[in-house]
Number of protein chains: 2
Amino acid sequence: MDEKKRQKLEDAGWRVASTADFLDLTPDESAYIELKLALSKHLKQIRTQKELTQEAVAERIKSSQSRVAKMEAGDPSVSIDLLVKTLLSIGATRSDLAEVIATAK
Amino acid sequence: MDEKKRQKLEDAGWRVASTADFLDLTPDESAYIELKLALSKHLKQIRTQKELTQEAVAERIKSSQSRVAKMEAGDPSVSIDLLVKTLLSIGATRSDLAEVIATAK
DNA sequence: TCAATATATGTCATATTTGATATATTAGCA
DNA sequence: TGCTAATATATCAAATATGACATATATTGA
């Protein structure tokens, strides 16, 4: 069993209900989660690079600071849609997103 | 006003409530919609290329034929999450997704 | 033409995601 | 240390996405 991988998920806020559940992750599911985490990390990276607060980002997308925090934390309750919308709103281009997705760890 | 662009959206199932609403589309919003449409098209392309029926795809992701049809139609009720999950489930790689997103018309 | 199969469209109860709010925790600085 | 701004976390009602279903419309092959 891949403890390192499990730890990586948990670090990112993906609490797994049980080891059995974790083992049920198919390659697709892993790819999906990794993709989301990659977008999360990139959001934080761009935001801090631009010296924007979470509150400032929240205003742009008419959301709230707490939701931006959840986005950056890779919270499972956050959709890719919201991540993409947010990234685009703070200046990321489609090319940027493509690169993030392609090189996602 | 960009009638050609409006037509493109409507062709893809994005009925705009009014011209005024359409004009309110910011560049981000346009990018977001184009990105979704690109994923939709790619789904149909891969599926037909692999000679899978919508029903067959639906089974893999435990969804329904009608929802797969909506995905390919670019229906606004479909999330990027679902599109991505579906694409991954029929063999698309993250690199594939990246390319689609980067080159989206 | 006529099935038979595939796809499209509309609707709806249920599930998930959402912004908002409250509040806890952290980071930086006087 | 205390103060302040920033970030994290928990909760919840409202909004949105979902699978399922019915049914309409294409598409294909005999």
Side-chain angles (χ1 to χ4, degrees), chain A residues 9-17 21 28-29 32-33 35-37 39-90, chain B residues 8-17 21 25 28-29 32-33 35-37 39-90:
Chain A
L9 285 175
E10 292 217 346
D11 287 350
W14 293 82
R15 290 284 169 288
V16 291
D21 283 351
D28 314 345
E29 290 166 339
Y32 168 75
I33 292 177
L35 193 150
K36 260 176 91 165
L37 293 182
L39 293 173
S40 293
K41 281 194 179 178
H42 194 59
L43 170 57
K44 181 156 198 171
Q45 189 185 336
I46 293 188
R47 179 181 66 79
T48 52
Q49 184 182 312
K50 298 206 168 188
E51 301 191 63
L52 295 170
T53 63
Q54 291 180 343
E55 183 64 39
V57 172
E59 276 179 29
R60 294 199 194 194
I61 59 172
K62 296 188 195 301
S63 182
S64 60
Q65 177 270 324
S66 62
R67 189 132 295 273
V68 175
K70 282 172 175 39
M71 287 189 226
E72 294 185 356
D75 190 294
S77 83
V78 173
S79 70
I80 291 183
D81 293 69
L82 186 59
L83 282 165
V84 167
K85 281 181 187 172
T86 306
L87 281 163
L88 291 174
S89 80
I90 62 175
Chain B
K8 191 180 72 177
L9 286 175
E10 291 216 346
D11 288 349
W14 293 81
R15 288 285 168 291
V16 290
D21 283 350
L25 278 189
D28 315 344
E29 290 167 338
Y32 168 75
I33 291 178
L35 194 151
K36 258 176 92 165
L37 293 182
L39 292 174
S40 293
K41 280 194 180 179
H42 193 58
L43 170 56
K44 181 157 197 171
Q45 189 185 336
I46 292 190
R47 181 182 66 78
T48 53
Q49 184 182 312
K50 297 205 170 190
E51 301 192 62
L52 295 170
T53 63
Q54 292 181 342
E55 182 64 40
V57 172
E59 277 180 29
R60 293 200 194 195
I61 60 173
K62 295 189 196 301
S63 180
S64 59
Q65 176 269 324
S66 62
R67 189 132 294 273
V68 175
K70 283 172 172 58
M71 288 188 223
E72 295 184 356
D75 190 294
S77 82
V78 174
S79 71
I80 291 184
D81 293 69
L82 187 59
L83 281 166
V84 166
K85 281 182 188 171
T86 305
L87 281 162
L88 291 173
S89 80
I90 63 174

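These values consider heavy atoms only, across backbone and side chains, with no hydrogens, waters or symmetry-generated copies. Proteins come first, then strands; the chains are lettered A, B, ... in the order of their sequence lines, and each starts at number 1.
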Student: CZ/A:R67 to CG/A:D75 distance, rounded to the nearest 0.5 angstrom?
Tutor: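 The CG atom of A:D75 is 7.0 Å from CZ of A:R67, to the nearest 0.5 Å.
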Student: Specify the residue among A:K70 and A:D81 whose closest nucleotide of DNA chain D lies further upstream toward the 5′ end.
Tutor: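 Of the two residues, A:K70 wins.
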Student: Using five base pairs at each end, measure the axis-to-axis angle across the helix from C:dT1-D:dA30 to C:dA30-D:dT1 and round it to 10 degrees.
Tutor: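 Roughly 50°, once rounded to the nearest ten degrees.
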Student: Measure from NZ on B:K85 to C1' on D:dT18 and round the result to the nearest Å.
Tutor: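 So the two atoms are 10 Å apart, to the nearest Å.
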Student: Are a donor atom and an acceptor atom from the side chains of A:E55 and A:Q65 found within less than 3.5 Å of each other?
Tutor: no
Student: Report the distance from atom CG of B:D75 to atom P of D:dT16, rounded to the nearest whole Å.
Tutor: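 From B:D75 CG to D:dT16 P: 14 Å.
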Student: Starting from P on C:dA8, measure out to CG on B:L43 and report it in whole angstrom.
Tutor: 11 Å
Student: To the nearest Å, how far apart are A:E72 CD and C:dT25 C1'?
Tutor: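 Rounded to the whole Å, the gap is 16 Å.
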Student: To check you understand the geometry: which heavy-atom pair defines the closest contact between A:A58 and A:S64, and what is its length?
Tutor: CB-C, 3.4 Å
Student: Is it the case that the side chain of B:K50 and the backbone of B:I90 share a donor-acceptor pair, with hydrogens and angles ignored and the cut-off at 3.5 Å?
Tutor: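 The answer is yes, because a donor-acceptor pair under 3.5 Å joins these two groups.
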Student: Testing the basics here: between B:I80 and A:D81, what is the closest heavy-atom pair and its distance to 0.1 Å?
Tutor: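 Minimum heavy-atom separation between B:I80 and A:D81: N-OD1, 2.9 Å.
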Student: Of all the heavy-atom pairs spanning A:M71 and A:L83, show the shortest one and how long it is.
Tutor: CB-CD2, 3.9 Å
Student: Identify the two heavy atoms, one from B:Y32 and one from A:L88, that lie closest to each other, and give their separation to 0.1 Å.
Tutor: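 Of all heavy-atom pairs spanning B:Y32 and A:L88, the closest is N-CD1, 3.7 Å.
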Student: Which atoms form the tightest heavy-atom contact between B:S89 and B:I61, and what is the distance?
Tutor: OG-CG2, 3.3 Å
Student: Considering only heavy atoms, which members of residues 47-56 of chain A lie under 4.0 Å from some atom of DNA chain C?
Tutor: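 Contacts with DNA chain C under 4.0 Å: none.
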Student: Do A:L39 and A:L43 have side chains that get closer than 4.5 Å, going by heavy atoms?
Tutor: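 SC-SC contact between A:L39 and A:L43 ruled out.
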Student: To the nearest 0.5 angstrom, please state how far the CG atom of A:L87 sits from the CD atom of A:Q45.
Tutor: 10.5 Å
Student: What nucleic acid atoms does B:K44 come within less than 4.0 Å of, heavy atoms only: base, sugar-phosphate, or nothing?
Tutor: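 Here B:K44 touches the backbone only, sparing every base.
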Student: Tell me which residues in residues 59-69 of chain A lie within less than 4.0 Å of DNA chain D, going by non-hydrogen atoms.
Tutor: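 The stretch gives A:Q65, A:S66, A:A69 as the residues lying under 4.0 Å from the strand, ordered by number.
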Student: Taking the side chain from B:K36 and the backbone from B:V78, do they hold a donor-acceptor pair closer than 3.5 Å?
Tutor: yes
